Amino acid sequence: GIQREALVATLAAIADRIESEKDHLTDLDSAIGDADHGANLHRGFQAALDGADPDDDPAAFVKAAGMALLSKVGGASGPLYGGSLAVASSEFEEGITTESSVAFAEAYLEKVKDRGGASVGDKTMVDALTPAVHTYKRAIEVDDLDPLAALSKAVDATERGVRFTTPIRASKGRASYLGWRSVGHPDPGATSTLYLLEEIHDVAA
Ligand code: ADP
Ligand code: MG
Ligand code: MG
């Protein structure tokens, strides 16, 4: 059905975007980490795409993508991206609806925070993901926007979240080893989170 096709198209668009941003993400990670974030995600999303079964129902499809990321990305971001996706996928067991998309977004954020122990202000993907999820939820539940308009607002909020990571000092992950020297660089994982959101939005549009 349409949902399966949309999921395959979204995964393909994300894998493509990560491929074209691979060197950029690696540059960002070379400034405050170990220069592998682009390669890590590229390997992971390629594996997720290669292993994707278009006949899976939405929950199984998203879970399989998460498991592929979990086993192939490695580093700190692998369990965060992959494990959280695999767990949050269960919100789609009764299909992808506006309501289940909000539940999925919230479950994903919760898992990332659980597993990584980071909060807003630690200069991680949580700084991008938190405004993304809160803005999406609010746009749907309070402002009564349709999912695409809500996603568009979420993308804008995520961009602000990425910009917020630049002037702050890292207190989680590899970048925290740099202490004050991490100041002045955007966080790679927050940046890749923005790319994912942008592709989800663009495929939905
Ligand atoms: P590694 O740092 O192990 O080389 P990656 O380079 O793939 O892994 O990913 C680095 C990104 O992971 C960081 O930019 C940050 O966004 C994210 N990250 C690292 N540690 C945490 C954490 N504890 N919680 C949330 N995100 C984290
Ligand atoms: Mg790294
Ligand atoms: Mg690494």
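A quick note: this is a predicted structure, and the numbers were derived from the prediction, not measured. Atoms within each ligand, like the ligands themselves, are counted from 1 in listed order.
The two residues Gly189 and His37 make their nearest non-hydrogen contact at CA-NE2, 3.7 Å. Shown here for Ala150 and Leu145, the closest heavy-atom pair between the two residues is N-CB, 4.3 Å. Smallest separation of non-hydrogen atoms from Ile14 and Leu196: CG2-CD1, 3.7 Å. Nearest heavy atom pair, residue Gly179 against residue Arg169, reads O-CG, 3.6 Å.
Classification of Asp114 and Lys111 as a salt-bridged pair holds, one side-chain N sitting under 4.0 Å from a carboxylate O. Looking at Arg4 and Asp55, no side-chain N of the basic residue comes within less than 4.0 Å of a carboxylate O on the acidic one, giving no salt bridge.
In this structure, atom 20 (N) of ligand 1 lies nearest to the protein heavy atom Gly173 CA, 3.4 Å. Here the heavy atom of the protein found nearest to atom 14 (O) of ligand 1 is Asp187 OD1, 2.6 Å. Given atom 2 (O) of ligand 1, the protein heavy atom at minimum distance is Arg174 CD, 3.5 Å. Regarding atom 24 (N) of ligand 1, its nearest protein heavy-atom neighbour is Ala118 CB, 3.5 Å. Protein heavy atom in closest approach to atom 27 (C) of ligand 1: Leu80 CD1, 3.4 Å. With respect to atom 7 (O) of ligand 1, the closest heavy atom belonging to the protein is Ser77 OG, 2.6 Å. For atom 5 (P) of ligand 1, the closest heavy atom belonging to the protein is His37 ND1, 3.4 Å. Nearest protein heavy-atom contact of atom 19 (C) of ligand 1 is Ala76 CB, 3.7 Å.
Ring geometry, Phe92 versus Phe104: the interplanar angle falls under 30°, so the pair is classed parallel (tilted spans 30 to 60°).
Checked by atom type, the side-chain pair Ser101/Thr98 shows no donor-acceptor distance below 3.5 Å.
Listed by number with element, the atoms of ligand 1 under 4.0 angstrom from any heavy atom of Gly189 are 13 (C), 14 (O), 16 (O). Within ligand 1, counting atoms from 1 as listed, the ones closer than 4.0 Å to a heavy atom of Asp29 are 6 (O). Applying the 4.0 Å criterion to heavy atoms of Gly75 picks out, from ligand 1, the atoms 3 (O), 8 (O).
To the nearest 0.5 angstrom, Leu41 atom CG is 15.0 Å from Lys72 atom NZ. Rounding to the nearest 0.5 Å gives a distance of 6.5 Å between CD1 of Ile200 and OG1 of Thr10.
When heavy-atom distances to ligand 1 are checked against a 4.0 Å cut-off, Thr124 comes that close through both its backbone and its side chain.
Among the atoms of Val126, none of the N or O lies under 3.5 angstrom from an N or O of ligand 1. Backbone and side-chain nitrogen or oxygen atoms of Lys123 are examined, and none is located within less than 3.5 angstrom of a nitrogen or oxygen of ligand 1. Considering backbone and side-chain N/O of Met125, one or more are found under 3.5 Å from N/O of ligand 1. On a distance-only criterion, Gly116 and ligand 1 share at least one N/O pair closer than 3.5 Å.
The closest approach of Asp36 to the Mg ion (ligand 3), by N/O/S atoms, is made by OD2.
Panel note: side chain Asp122, backbone Ser171; no donor-acceptor pair is recorded below 3.5 Å. The backbone N or O of Gly33 sits nowhere less than 3.5 Å from a side-chain atom of Arg174 that would complete a donor-acceptor pair.
Nearest-residue assignment for atom 4 (O) of ligand 1 (options Asp34, Leu28, Val112; heavy-atom criterion): Asp34.
An angle of 90° is found at the Mg ion (ligand 2) between Asp29 atom OD2 and Asp34 atom OD1, rounded to 10°.
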